[in-house]
Student: 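This is the structure, below, for whatever I ask next.
All chains are named by letter (A, B, ...) in the order of the sequence lines, taking the proteins before the strands, and each is independently numbered beginning at 1.
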Amino acid sequence: MKFGYKVCQIVKKIPRGKVLTYKKVAELAGRPRAFRAVGNILNKNRDPKIPCHRVIRSDGKIGGYKNGQKRKIELLKKEQAL
DNA sequence: CGTATGACGTGCA
DNA sequence: GTGCACGCCATAC
């Protein structure tokens, strides 16, 4: 619970035009080995107040998105442009 | 409480 | 450089 809560705070703090990796978020959350749980939490919670679309993989790829990777790509492109 | 899942990451072939 | 398999942590059922 605390972990997921912290992850939410971190992701919500991500400014526009910036993206963090699951690993980075997990590190900031205090569990650099829980990068898997990070995506899992965002996936099951998919909170609209959490710009989870700003969280990408360490490979630089988009990764996944409950609403659809396409939507994530669109959002990233749009926000990065701003 | 225990098992299975999941939006990942790293290592080896 | 690409592909496959294993390992890891938290959440949900």
Student: Rounded to whole Å, how long is the line connecting atom OH of Tyr65(A) with atom P of dA7(B)?
Tutor: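 About 14 Å, once rounded to whole Å.
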Student: How many whole angstroms separate atom CG of Asp59(A) from atom P of dG11(B)?
Tutor: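 In whole Å, dG11(B) P and Asp59(A) CG are 12 Å from each other.
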Student: Nearest whole Å is fine: how far is dC8(B) C1' from Glu27(A) CD?
Tutor: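 Checked: the CD to C1' distance equals 14 Å.
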Student: Looking at every non-hydrogen atom in both residues, tell me the closest pair between Glu79(A) and His53(A) and how far apart they are.
Tutor: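 Closest approach of Glu79(A) to His53(A): OE1-NE2, 3.0 Å.
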Student: Would you give the length of the straight line joining atom CD of Glu27(A) to atom CZ of Phe35(A), rounded to the nearest 0.5 angstrom?
Tutor: 10.5 Å
Student: Atom NZ of Lys66(A) and atom C1' of dT5(B): how far apart are they, to the nearest Å?
Tutor: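 Atom NZ in Lys66(A) sits about 12 Å away from atom C1' in dT5(B).
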Student: For nucleotides 6-13 of chain C, give me one character per nucleotide, 5' to 3': B if any protein heavy atom sits under 4.0 Å from the base, S if the only such contacts are to the sugar-phosphate, - if neither.
Tutor: -BBBBBS-
Student: One pair to check against side chain to side chain contact (heavy atoms under 4.5 Å, CB included): Val55(A) and Ile50(A). What are the steps and the verdict?
Tutor: CA-CA 10 Å; Val55(A) 186; Ile50(A) 302 174; over 6 Å; no
Student: Does OP1 or OP2 of dG9(B) have a side-chain N or O of Arg57(A) closer than 4.0 Å?
Tutor: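 Looking at the OP1 and OP2 atoms of dG9(B), one of them is under 4.0 Å from a side-chain N or O of Arg57(A).
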Student: If I take atom NZ from residue Lys23(A) and atom CG from residue Leu28(A), how far apart are they, to the nearest 0.5 angstrom?
Tutor: 12.5 Å
Student: Pair Asp47(A), Val11(A) - check side chain to side chain contact (heavy atoms under 4.5 Å, CB included), show working.
Tutor: CA-CA 11 Å; Asp47(A) 209 285; Val11(A) 177; over 6 Å; no
Student: Using a strict cut-off of less than 4.0 Å between a Lys/Arg side-chain nitrogen and an Asp/Glu carboxylate oxygen, indicate whether Asp59(A) and Arg57(A) qualify as a salt bridge.
Tutor: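 Looking at Arg57(A) together with Asp59(A), the answer is yes, because their closest N to O distance falls below 4.0 Å.
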Student: Could you say whether Lys23(A) or Leu42(A) is positioned toward the 5' end of DNA chain B, judged by the nucleotide with the nearest heavy atom to each?
Tutor: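 The 5'-side residue here is Leu42(A).
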